[in-house]
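To start, the structure under review is shown below, and the notes come after it.
Since we're looking at a predicted model, the values are computed, not measured.
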Amino acid sequence: MGNLLKVLTREIENYPHFFLDFENAQPTDCEREVWNQVNTVLQDSESILSGLQAYKGAGQEIRDAIQNPNDMLLQERAWNSVCPLVIRLKKFYGFSLRLEKALQSLLESLTCPPYTPTQHLEKEQALAKQFAEILHFTLRFDELKMRIPAIQNDFSYYRRTISRNRINNMNLDIESEVNNEMANRMSLFYAEATPMLKTLSTATTNFVTENKTLPLENTTDVLSTMASVCKVMLETPDYTSRFNSEDTLLFCMRVMVGVIILYDHVHPNGAFNKSSKIDMKGCIKVLKEQPADNVEGLLNALKFTTKHLNDESTPKNIRTMLQ
């Protein structure tokens with residue numbers, strides 16, 4: 001663990017004996033309070049992913065209702081199919097708000113004086129692991145969401161039906177669950193290609209803005225150090241051989257991509273600039289060495305959800321690697 005203190009992007013070759021235990025890190029007494037708060041949120045993450053994975057949509061019912069506007073049975077069938085789905089979508093959205101607060105709690109802990117961000121990551125590996133778990137969940141959620149166009153179709157139908165008062169005497173209880181204001185917020189959330197990443201990016205940016213006395217580097221250094229840690233672990237067979245599960249390899253890749261995206265949104269010059277503390281060429285190379293099926297979504301995330309990739313200051317070879 002002590003070697004984490006020595007791991008800086010430009011010194012990796014000099015300090016190869018480094019391992020951050022994403023599988024087994026346990027909270028110390030100092031970490032316990034924040035760890036417990038975040039754990040309360042994270043323990044619901046798998047059920048959220050399962051709910052999203054099982055999302056089938058009400059496409060057929062909606063099509064039947066639209067094609068037969070005077071058939072009240074079909075209108076009711078579509079409405080009764082959509083309502084439970086909207087409740088489920090509200091649950092996902094509500095989880096994003098809880099995740100946002102959890103992330104900000106972790107950022108507060110991992111950036112506060114007197115320790116440097118690197119010292120924090122060394123001393124508080126259980127919190128670093130939770131930070132990684134949030135990013136891992138986020139990329140998994142967004143990968144699934146992008147494959148389910150039914151989500152926006154279902155929600156659009158719900159909003160149209162409510163606004164046009166087309167439901168007559170149908171069950172209106174759902175309006176108390178998802179009123180106009182809530183529907184507007186949910187609509188903005190689901191309009192994003194990667195809604196959870198957008199939530200985390202905004203949360204990190206807000207954290208920096210709201211903590212004006214905290215140097216920006218405290219936050220960006222947490223992100224760049226985590227990216228370097230993941231890259232070293234992925235490219236070093238001695239470290240990957242210590243993983244108990246093959247899933248930890250993909251976990252590391254998702255975390256690396258997640259922190260790069262956050263860094264790119266928060267740092268004024270982004271992650272791709274030559275002055276960046278993240279070795280983008282090395283990170284992309286590590287991803288491209290993995291099976292294509294495992295990394296296609298991650299490479300797309302770097303291409304389409306970062307902010308500065310197409311800046312003039314981005315080296316051409318980096319852009320070429322991501323084409």
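- Using modelled atom types, no side-chain atom of Asp311 and backbone atom of Ser313 make a donor-acceptor pair closer than 3.5 Å.
- Under the 3.5 Å distance criterion, the side-chain polar atoms of Lys129 are left unmatched by any main-chain donor or acceptor of Gln26.
- Distance check, rounded to the nearest 0.5 Å: OG1 of Thr116 to NZ of Lys123 gives 9.0 Å.
- Here the rule is side chain to side chain contact (heavy atoms under 4.5 Å, CB included) with Phe207, and of Thr202, Thr111, Leu106 only Thr111 fits it.
- Expressed to the nearest 0.5 Å, how far OG1 of Thr220 lies from NE2 of His267 amounts to 5.0 Å.
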Open item on the list: Checking Ser275 against Asn273 for the side-chain hydrogen bond (donor to acceptor under 3.5 Å, both in side chains) test, could you report, in this order, the C-alpha distance in whole Å, the side-chain angles of both residues, the deciding distance, and whether it holds?
Closed with: CA-CA 5 Å; Ser275 64; Asn273 192 286; 2.8 Å; yes

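- Residue-environment remark: NZ (Lys303) exceeds the threshold of 12 foreign heavy atoms within 6.0 Å.
- Judged purely by atom type and a 3.5 angstrom limit, Thr194 has no side-chain atom pairing as donor or acceptor with the backbone of Leu197.
- Phe92 has its side chain within reach of Tyr190: a pair of non-hydrogen atoms, C-beta onward, lies under 4.5 Å apart.
- Using a 4.5 Å cut-off on side-chain heavy atoms (C-beta onward), Asn36 and Thr40 make no contact.
- Remark: Ser245 pairs with Glu23, Asp247, Thr248 by the side-chain contact (heavy atoms from CB on, under 4.5 Å) rule, at least two apart or across chains.
- With ring centers used as reference points, Phe251 lies 6.0 Å or more from Phe137.
- Ring orientation note: the planes of Trp79 and Tyr158 are close to parallel, at an angle under 30° on the 30°/60° scale.
- Asp264 places a side-chain N or O within donor-acceptor distance of the main-chain N or O of Ala271, the cut-off being under 3.5 Å.
- No side-chain heavy atom of Leu110 sits under 4.5 Å from any side-chain heavy atom of Thr219.
- Looking at heavy atoms from C-beta onward, Glu61 lies out of side-chain contact with Gln75 at the 4.5 angstrom threshold.
- Salt bridge absent: Glu133 and Arg254 never bring a charged side-chain N and a carboxylate O closer than 4.0 Å.
- With salt bridges taken as basic N to acidic carboxylate O contacts below 4.0 Å, one links Asp44 and Arg98.
- In the model, Glu31 has a side-chain atom that pairs as donor or acceptor with a side-chain atom of Thr28 under 3.5 Å.
- Between His308 and Phe272, the distance from one ring center to the other does not fall under 6.0 angstrom.
- Atom NZ of Lys285 has 12 or fewer heavy atoms from other residues, nucleotides or ligands within 6.0 Å.
- With contacts defined as side-chain heavy-atom distances shorter than 4.5 Å, the pair Ser228/Ile278 does not qualify.
- Between Val38 and Gln43 there is no side-chain heavy-atom pair separated by less than 4.5 Å.
- Within the model, atoms CD1 of Ile284 and NZ of Lys231 stand 11.5 Å from one another, a figure rounded to the nearest 0.5 Å.
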